[in-house]
Engineer: 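Can you keep this structure in mind? I'll have questions shortly.
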Amino acid sequence: MTAVQRDPVLVARVMLTVAGLALLWPAIELAEFDPRQLFAAGNLQTMGRFLSTFFPMALGADFLGLVLRSTLETLALATAGTALAIVLALPLAMAVSESLSISRVGPARRVWVGRLLRAPLRALLIFMRSIPEIVWALLFVRAVGLGPAAGVLAIAINYAGMLGKVYFEIFEAGDTRPARAVLETGGGRVHAFFYGVLPVALPELVSYSVYRWECAIRASVVMGFVGAGGLGQQMELSMRMLEGGEVSTMLVAFFALVMLADALSALLRKALT
Amino acid sequence: MNLTLEALHLVLPGGHRALAGMLLDVSRGERIAVIGPSGAGKTSLLRVLGTALRPSSGKLAISGVDPWSLPAGALRHLRSRIGLIHQAPPLPPRQRLVTAVLAGRLGAWGFVKGLASLAYPADIDGARAALARLDLADRLFDRCDRLSGGQLQRVGVARVLYQKPDLLLADEPVSSLDPQLADQTVGELHREARARGVTLVASLHAVDLALKWFPRVVGLRDGAVAFDRPPVRVTDAMLRDLYATETPVIPVQGVEPLQRPEPGPRATRRGAPPLCR
Ligand SMILES: Nc1ncnc2c1ncn2[C@@H]1O[C@H](COP(=O)(O)OP(=O)(O)OP(=O)(O)O)[C@@H](O)[C@H]1O
Ligand SMILES: [Mg+2]
């Protein structure tokens with residue numbers, strides 16, 4: 001008697017898809033993205049010519065030594081920058097975390113005092129991460145001169161902003177009762193952190209920090225282009241002198257570096273779970 | 001510590017009135033069992049006594065002072081003298097038992113000793129002794145997530161025993177233990193309270209344990225005291241009334257019929273506390 005039952009959400013789904021495409025299209029237009037351009041005859045030739053300069057790769061002993069030194073420099077830059085960022089981010093995240101707030105137990109009448117104090121710290125975290133690391137790098141290159149020191153500072157500040165926010169979110173997302181129990185037996189904020197929060201959050205903290213370290217390795221190459229040392233700075237020099245062979249060697253070195261970082265972070269994560 | 005609650009109300013964030021006009025007077029060294037159906041406000045009462053929740057109105061005095069009028073430092077000191085065994089032990093899964101137990105003294109230890117103990121446990125013998133009282137000494141260096149639910153609950157008890165508080169609060173401390181172990185654990189709490197002359201307030205869902213061990217039993221219902229008297233004067237009718245909506249059966253953990261201790265000197269001396277409401 002009745003017609004075959006249709007899925008009642010069908011219309012809604014079709015409408016949603018159409019609306020999504022309608023919204024995406026102007027964005028693609030705005031970004032001047034046209035895949036056909038990629039395959040136009042002239043463009044393909046230009047790209048091919050650029051890529052052909054990559055071979056043969058530069059494999060001179062002198063140059064390989066330079067690449068090795070730059071690679072180590074990049075690694076050191078990223079590691080030092082991330083370590084500094086962690087040192088900056090942890091206390092900031094602890095300070096803004098509500099699950100470590102003594103006055104929230106109860107809550108006490110003075111609970112608004114804590115809220116008032118945490119607001120500017122949150123703003124500071126936002127400020128540190130909202131300015132891109134490349135801008136920080138440009139700033140510090142002027143302050144401390146060309147070289148990896150500027151990169152370390154740029155990563156430390158920008159990543160501290162990101163790590164601080166994520167740490168704080170990890171603290172709040174986990175089980176907050178252990179920390180609260182410490183506060184309820186008269187322990188302080190720092191005790192609550194080490195006895196209540198850290199054992200809960202440690203695997204996630206390490207996992208995210210290692211991921212950020214990987215990002216820092218990649219970011220340090222981009223920052224190298226504005227003079228903040230490492231592989232990036234050498235790559236920029238070679239590109240400017242149209243030495244495609246050198247660029248390709250350094251790309252291979254960079255690829256190896258990222259692979260190494262990936263393997264290391266997998267290892268660390270496994271050890272912690 | 002002696003406790004005084006008068007016309008105490010507690011409204012929880014959702015707007016629910018968990019305690020409605022609580023009236024309770026506890027003198028130093030008393031041992032009290034709190035019983036009542038699920039949602040009666042047992043946990044809320046214990047958290048108020050442990051200064052973890054601030055009453056919305058009414059009078060609360062611990063050792064004669066309102067804890068919420070104290071300056072921050074004094075309140076922390078007071079908290080370090082109150083130990084609460086939680087209904088679900090709040091222990092991080094990756095923490096070792098030794099650390100979890102030692103954490104009980106953080107309030108008393110102070111900043112530096114608390115942190116140093118993370119590098120090397122400050123009082124291994126003390127932690128082992130506390131765990132030994134609950135038959136867990138051999139698991140001292142095990143991780144909390146390697147324990148069963150009942151074992152974890154006993155670690156929670158050991159931590160508060162190690163804390164040596166002047167006010168011992170226990171929220172269903174034996175809910176996931178078998179009858180024999182439950183009896184033994186409540187007995188251990190008793191010995192501790194008695195030996196050191198500290199006040200013990202424990203909520204229990206097993207009425208037989210409450211009647212057997214405690215000289216005074218408080219029945220809680222809808223956030224207020226339904227009865228408050230020595231176990232010999234708690235009648236089956238009162239218990240049926242208390243648990244009326246939940247189930248017609250009085251919850252016990254053992255298999256024997258309800259037993260009350262002989263009316264000894266302790267029970268008669270107090271006489272008949274007035275029936276509240
Ligand atoms: N965090 C909370 N937010 C809002 N309401 C709550 C919260 N915790 C408990 N309640 C409510 O407060 C009332 C009393 O809860 P409480 O935990 O004190 O009961 P209880 O007697 O301990 O019960 P049980 O035997 O199940 O543990 C309940 O009705 C409950 O729904
Ligand atoms: Mg409860």
Side-chain angles (χ1 to χ4, degrees), chain A residues 90-91 94-95 97-117 167 170-207 268-273, chain B residues 13 47-48 50-56 67-96 99-100 102-119 143-145 156 159-160 162-163 165 169:
Chain A
L90 265 183
M94 277 166 69
S97 171
E98 300 222 320
S99 56
L100 291 172
S101 156
I102 297 178
S103 57
R104 284 247 308 178
V105 177
R109 281 189 195 87
R110 43 188 173 261
V111 66
W112 60 272
V113 179
R115 273 199 202 122
L116 219 64
L117 290 176
Y167 284 177
I170 292 175
F171 297 168
E172 303 289 295
D175 183 3
T176 56
R177 292 178 321 123
R180 184 133 180 157
V182 171
L183 296 178
E184 284 173 15
T185 44
R189 178 181 278 273
V190 178
H191 287 152
F193 175 75
F194 283 104
Y195 282 83
V197 169
L198 200 60
V200 176
L202 191 67
E204 265 190 276
L205 287 188
V206 171
S207 172
L268 260 173
R269 241 167 276 168
K270 212 174 193 170
L272 264 165
T273 45
Chain B
R47 287 174 63 77
V48 165
T51 70
L53 286 177
R54 181 159 61 96
S56 316
W68 297 102
S69 69
L70 291 172
L75 179 58
R76 268 183 68 179
H77 178 67
L78 175 67
R79 282 179 176 147
S80 73
R81 295 171 53 210
I82 302 176
L84 170 63
I85 299 166
H86 293 251
Q87 192 164 2
L91 305 173
R94 311 169 53 79
Q95 198 163 59
R96 294 186 303 168
T99 318
L102 292 182
R105 286 260 178 95
L106 280 175
W109 274 356
F111 186 77
V112 176
K113 188 168 179 189
L115 288 189
S117 177
L118 283 169
R143 267 166 50 165
C144 286
D145 54 359
R159 168 168 164 157
V160 173
Y162 179 71
Q163 186 187 346
L169 306 170

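Bear in mind that the values here come from a model prediction, so they are computed numbers and not experimental data.
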Engineer: What option among A:G186, A:G188, A:A108, A:P107 has the most heavy-atom pairs under 4.5 Å with chain B?
Structural biologist: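 Sorted descending by pairs with chain B, the first entry is A:G186.
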Engineer: Are there residues of residues 174-182 of chain A whose heavy atoms fall under 4.5 Å of chain B's heavy atoms? If so, which?
Structural biologist: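 Within residues 174-182 of chain A, the residues that come under 4.5 Å of chain B (heavy atoms only) are A:R177, A:P178, A:R180, A:A181, A:V182.
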Engineer: I'd like to know which of B:A72, B:P92, B:G83, B:S80 tops the heavy-atom pair count under 4.5 Å against chain A.
Structural biologist: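 Highest number of pairs under 4.5 Å: B:P92.
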Engineer: Minimum heavy-atom separation for A:P199 and B:Q95, please, with both atom names.
Structural biologist: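 Scanning both residues, the minimum pair turns out to be CG-NE2, 3.9 Å.
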Engineer: Side chain, backbone, both or neither: which part of B:L78 has a heavy atom under 4.5 Å from chain A?
Structural biologist: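 Neither; nothing under 4.5 Å.
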Engineer: Tell me the closest heavy-atom pair linking B:L115 and A:F194, and the distance in Å.
Structural biologist: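 Of all heavy-atom pairs spanning B:L115 and A:F194, the closest is CD2-CD1, 3.6 Å.
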Engineer: Would you say the side-chain atoms of B:R79 pair up with the backbone N or O of A:E184, donor to acceptor, closer than 3.5 Å?
Structural biologist: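 Checked: no pair found.
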Engineer: Of the backbone (N, CA, C, O) and the side chain (C-beta and beyond), which part of B:H86 lies under 4.5 Å from a heavy atom of chain A, both, or neither?
Structural biologist: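 For B:H86, the contact with chain A is made by the side chain alone.
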Engineer: Taking side chain as C-beta onward, heavy atoms only, is B:S117 less than 4.5 Å from A:Y195?
Structural biologist: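 Answer yes - side chains close enough.
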Engineer: Which of residues 102-109 of chain B have a heavy atom under 4.5 Å from any heavy atom of chain A?
Structural biologist: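 So far as heavy atoms go, B:A103, B:L106, B:G107 are the residues that approach chain A to under 4.5 Å.
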Engineer: Might you confirm whether atom CH2 of B:W68 has over 12 heavy atoms from other residues, nucleotides or ligands at distances under 6.0 Å?
Structural biologist: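 Yes, CH2 of B:W68 has more than 12 neighbouring heavy atoms, counting only those of other groups under 6.0 Å.
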Engineer: At a heavy-atom separation under 4.5 Å, does B:L91 approach chain A through its side chain, its backbone, both, or neither?
Structural biologist: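 Backbone only.
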Engineer: Is B:T99 in contact with chain A via its backbone, its side chain, both, or neither, using a 4.5 Å heavy-atom distance?
Structural biologist: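 For B:T99, heavy atoms of backbone and side chain both lie under 4.5 Å from chain A.
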Engineer: For B:P55, is it the side chain, the backbone, both or neither that has a heavy atom under 4.5 Å from a heavy atom of chain A?
Structural biologist: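 The answer is neither part of B:P55.
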Engineer: Which atoms of B:I82 come close to chain A, meaning under 4.5 Å heavy atom to heavy atom: side chain ones, backbone ones, both, or neither?
Structural biologist: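 For B:I82, the backbone is the part near chain A, not the side chain.
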Engineer: Measure the CZ-CG distance between B:R94 and A:L202 for me, rounded to the nearest 0.5 Å.
Structural biologist: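 Reported value, rounded in 0.5 Å steps: 6.0 Å.
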Engineer: Let me confirm one number: the CZ-OG1 distance from B:R76 to A:T185, rounded to the nearest 0.5 Å.
Structural biologist: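 These two atoms lie 10.0 Å from each other.
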Engineer: Tell me, side chain or backbone of A:L198 under 4.5 Å from chain B's heavy atoms, or both, or neither?
Structural biologist: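 Looking at A:L198, nothing touches chain B.
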Engineer: Contact part of B:R47 toward chain A, heavy-atom cut-off under 4.5 Å: side chain, backbone, both or neither?
Structural biologist: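 The side chain, not the backbone.
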Engineer: Heavy-atom distances under 4.5 Å only: say whether B:A88 touches chain A with side chain, backbone, both or neither.
Structural biologist: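 Both parts, backbone and side chain.
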